[in-house]
Amino acid sequence: MKTTVKDLQLIQTWQGASLIVPLSPSEAEEVAELKKKADEGKPLQLELKLVRKNRSLDANAALWFLLGEMAAKLRTNKDALYLEMLGRYGVFTHIIAKPNAAERFKAQWRTVKDLGEVTVNGQTGKQLQCYFGSSTYNTLEFSRLLDGTINDAKEIGINLISDADMALMLEEWGK
């Protein structure tokens, strides 16, 4: 079951806290069925998180179309080019991994730059710059990736998206 709510109540008691979530009648029926399963000893999983705007499928489609056109002109594949664009314009974090775990760690990320060995508190490790995949990006982060890719495409003579079209696409994305 997945629902969006705007009004939650958190009631503090001496034993902890209780959460009151307003539900529609059909949602209440579904929760009642889940409660029966929980009463039978089956564990339930509950996730609460802020609602984020999803990026526009049009913006994502434009990125991949553009990567395909660039890949054809550069005689490479769009997946390799995508990783290159992540490395130029993507969102990353720095991580220090034990030297024997660095290669395994690199496999868990979309793309990774090895920044070399570092010593922290007498321990030697590898500093890695790890890039998140664009499916995790918010509007601003994806806009930066798309804008950088469009500029790179223009540099090699591919101009498929006008500035006006990009502005419209990003405006639609924010809705």
Side-chain angles (χ1 to χ4, degrees), residues 1-6 27 30 44-175:
M1 178 185 135
K2 186 175 182 179
T3 188
T4 302
V5 296
K6 291 185 179 180
E27 291 170 333
E30 193 172 345
L44 300 179
Q45 180 176 349
L46 177 68
E47 179 180 7
L48 294 174
K49 61 183 182 178
L50 290 175
V51 174
R52 282 185 10 188
K53 293 178 188 174
N54 290 329
R55 67 174 194 256
S56 162
L57 292 178
D58 290 338
N60 193 49
L63 174 70
W64 284 98
F65 180 77
L66 198 54
L67 288 170
E69 293 296 310
M70 293 171 68
K73 187 159 189 171
L74 297 171
R75 299 182 191 273
T76 186
N77 68 64
K78 63 184 176 183
D79 293 322
L81 203 51
Y82 168 71
L83 295 178
E84 186 176 327
M85 294 301 115
L86 285 183
R88 290 183 191 171
Y89 309 111
V91 179
F92 61 88
T93 188
H94 286 108
I95 294 171
I96 299 174
K98 292 181 179 179
N100 61 347
E103 290 305 314
R104 187 169 179 191
F105 201 87
K106 288 178 188 179
Q108 302 300 311
W109 292 81
R110 292 302 302 193
T111 192
V112 176
K113 292 180 183 175
D114 189 332
L115 302 177
E117 285 191 1
V118 294
T119 302
V120 178
N121 296 331
Q123 299 283 327
T124 300
K126 287 229 177 193
Q127 184 176 10
L128 306 174
Q129 189 166 308
C130 304
Y131 290 81
F132 298 95
S134 63
S135 64
T136 66
Y137 288 11
N138 63 30
T139 302
L140 179 62
E141 294 163 343
F142 194 83
S143 177
R144 191 176 317 123
L145 175 64
L146 181 58
D147 191 40
T149 304
I150 290 169
N151 287 333
D152 284 3
K154 286 179 183 176
E155 287 181 12
I156 61 170
I158 298 172
N159 193 8
L160 299 174
I161 302 172
S162 70
D163 292 341
D165 286 342
M166 182 175 170
L168 284 172
M169 188 171 42
L170 291 173
E171 180 182 325
E172 177 65 27
W173 183 10
K175 291 181 182 175

Report yes or no: does [X] contribute a side-chain atom to a donor-acceptor pair with the main-chain N or O of [Y] at less than 3.5 Å?
X	Y	result
Y137	F132	yes
E141	N138	yes
Y89	D147	no
N121	Q123	no
Y131	G87	yes

For [X] and [Y], which heavy atoms make the closest approach, and how far apart are they?
X	Y	answer
L83	T111	O-CG2, 3.9 Å
L66	A153	CD1-CB, 3.8 Å
C130	I95	SG-CD1, 3.9 Å
E117	T124	OE1-CG2, 3.5 Å
P99	G125	CD-CA, 4.0 Å
K73	I156	NZ-O, 2.6 Å

Can you tell whether the side chains of E84 and R88 come within less than 4.0 Å, N to carboxylate O?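 The answer is yes: the pair qualifies as a salt bridge.
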Any Lys/Arg nitrogen of E103 or K106 sitting under 4.0 Å from an Asp/Glu carboxylate oxygen of the other?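 Yes, E103 and K106 are salt-bridged.
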Would you give the length of the straight line joining atom CG of N100 to atom NZ of K126, rounded to the nearest 0.5 angstrom?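 Going from the CG atom of N100 to the NZ atom of K126 covers 11.0 Å.
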